[in-house]
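It should be emphasised that the depicted structure is a prediction, and the values quoted were computed from it without experimental measurement.
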Amino acid sequence: MSVGTPTAEAKVVPANTLYTAAVEVSGGRGGSARSLTGSLRVDLTRPAQRGPDAPGTDPEELFAAGYAACFDSALAVAARQAGVKPGPTTVTASVSLGQTEDGRYAIAVVLDVSAPQCPQADLERAVELADRMCPYSNALRGNTAVAIRVDGHR
């Protein structure tokens with residue numbers, strides 16, 4: 001049985017696979033994760049148990065890191081395509097875990113995109129294109145609340 005197999009309703013289905021990352025987790029949110037390549041090994045901690053005595057990270061931090069990295073890379077490509085010279089950029093992804101009114105768990109994301117040397121209008125244009133390019137944005141679009149705040153030179 002395959003759960004979550006893409007259906008005809010899927011919005012974006014890759015025509016060919018460029019890369020596959022595989023990570024094995026045991027123990028859920030309080031366990032550990034390791035990539036099958038061996039390059040990632042991390043202890044997982046439930047957000048409610050975080051603190052100086054509970055080292056580790058949580059799935060939301062890992063997701064935020066992946067989304068921010070991917071979006072920043074997409075922004076570099078988008079800027080080149082749009083003829084925008086953004087200068088140094090940073091993307092901060094804040095991933096919030098919460099519950100819907102009917103009790104399901106859900107995440108919401110805020111992306112803060114900063115390029116202090118880039119004119120605001122140019123940065124907004126590049127960010128709009130990056131949002132269409134980024135696979136994380138495409139995966140979340142229509143399913144998850146994502147807000148993007150853009151801070152360029154004014």
Side-chain angles (χ1 to χ4, degrees), residues 1-7 9-79 86-118 123-124 126-152:
M1 176 180 166
S2 180
V3 177
T5 302
T7 66
E9 296 175 12
K11 293 182 179 187
V12 179
V13 177
N16 61 340
T17 299
L18 302 174
Y19 172 74
T20 300
V23 175
E24 178 182 79
V25 172
S26 61
R29 285 181 167 270
S32 63
R34 72 170 185 85
S35 64
L36 298 190
T37 64
S39 61
L40 174 73
R41 288 184 178 275
V42 63
D43 291 328
L44 300 174
T45 303
R46 290 175 177 84
Q49 296 171 333
R50 300 277 312 265
D53 296 333
T57 188
D58 56 67
E60 290 72 31
E61 278 186 333
L62 294 170
F63 188 85
Y67 197 173
C70 188
F71 198 91
D72 199 40
S73 291
L75 179 59
V77 173
T89 62
T90 59
V91 176
T92 302
S94 300
V95 176
S96 298
L97 174 66
Q99 279 187 292
T100 62
E101 288 182 11
D102 64 0
R104 294 179 294 149
Y105 288 99
I107 59 170
V109 179
V110 175
L111 293 179
D112 286 297
V113 180
S114 177
Q117 297 174 10
C118 187
L123 183 58
E124 287 174 3
V127 164
E128 185 179 326
L129 182 55
D131 186 45
R132 290 194 306 267
M133 290 179 167
C134 178
Y136 280 71
S137 292
N138 289 329
L140 296 178
R141 190 170 289 108
N143 299 308
T144 299
V146 176
I148 303 175
R149 300 186 293 213
V150 180
D151 185 25

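When the side-chain hydrogen bond (donor to acceptor under 3.5 Å, both in side chains) test is applied to R46, no partner is found at least two apart in sequence or on another chain. Scored by the side chain to side chain contact (heavy atoms under 4.5 Å, CB included) test, V25 finds V23, A33, L44 as partners (sequence neighbours excluded). Scored by the ring pair (Phe, Tyr, Trp, His ring centres under 6.0 Å) test, F71 finds no partners at all (sequence neighbours excluded). Listed by chain and number, the residues in a salt bridge (Lys or Arg N to Asp or Glu O under 4.0 Å) with D58 are R50 (sequence neighbours excluded).
Here the closest heavy-atom approach between residue A126 and residue A78 is recorded as O-CB, 3.4 Å. Minimum interatomic distance between E61 and G56 (heavy atoms only, all atoms of both residues): OE1-O, 4.5 Å. Nearest heavy-atom pair, D131 versus N138, reported as atom, atom and distance to 0.1 Å: O-OD1, 4.0 Å. Between S35 and S39 the shortest heavy-atom distance is OG-N, 3.1 Å. Closest approach of M133 and V77 over heavy atoms only: CE-CG1, 3.8 Å.
Going from atom SG of C134 over to atom CG of L111 covers 8.0 Å, rounded to the nearest 0.5 Å.
Here salt bridge (charged side-chain N to carboxylate O under 4.0 Å, His left out) pairs that include residues 18-27, with residues two or more places apart or in two chains, are E24-R34. Sorted by first and then second residue, the salt bridge (charged side-chain N to carboxylate O under 4.0 Å, His left out) pairs with a member in residues 68-77 form an empty list; sequence neighbours excluded.
R29 places a side-chain heavy atom less than 4.5 Å from the side chain of P47.
When atom types are taken as modelled, the side chain of D112 and the backbone of A93 share no donor-acceptor pair closer than 3.5 angstrom.
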Determine, stepwise, if the pair L140 / Y67 fulfils side chain to side chain contact (heavy atoms under 4.5 Å, CB included). CA-CA 10 Å; L140 296 178; Y67 197 173; 3.4 Å; yes
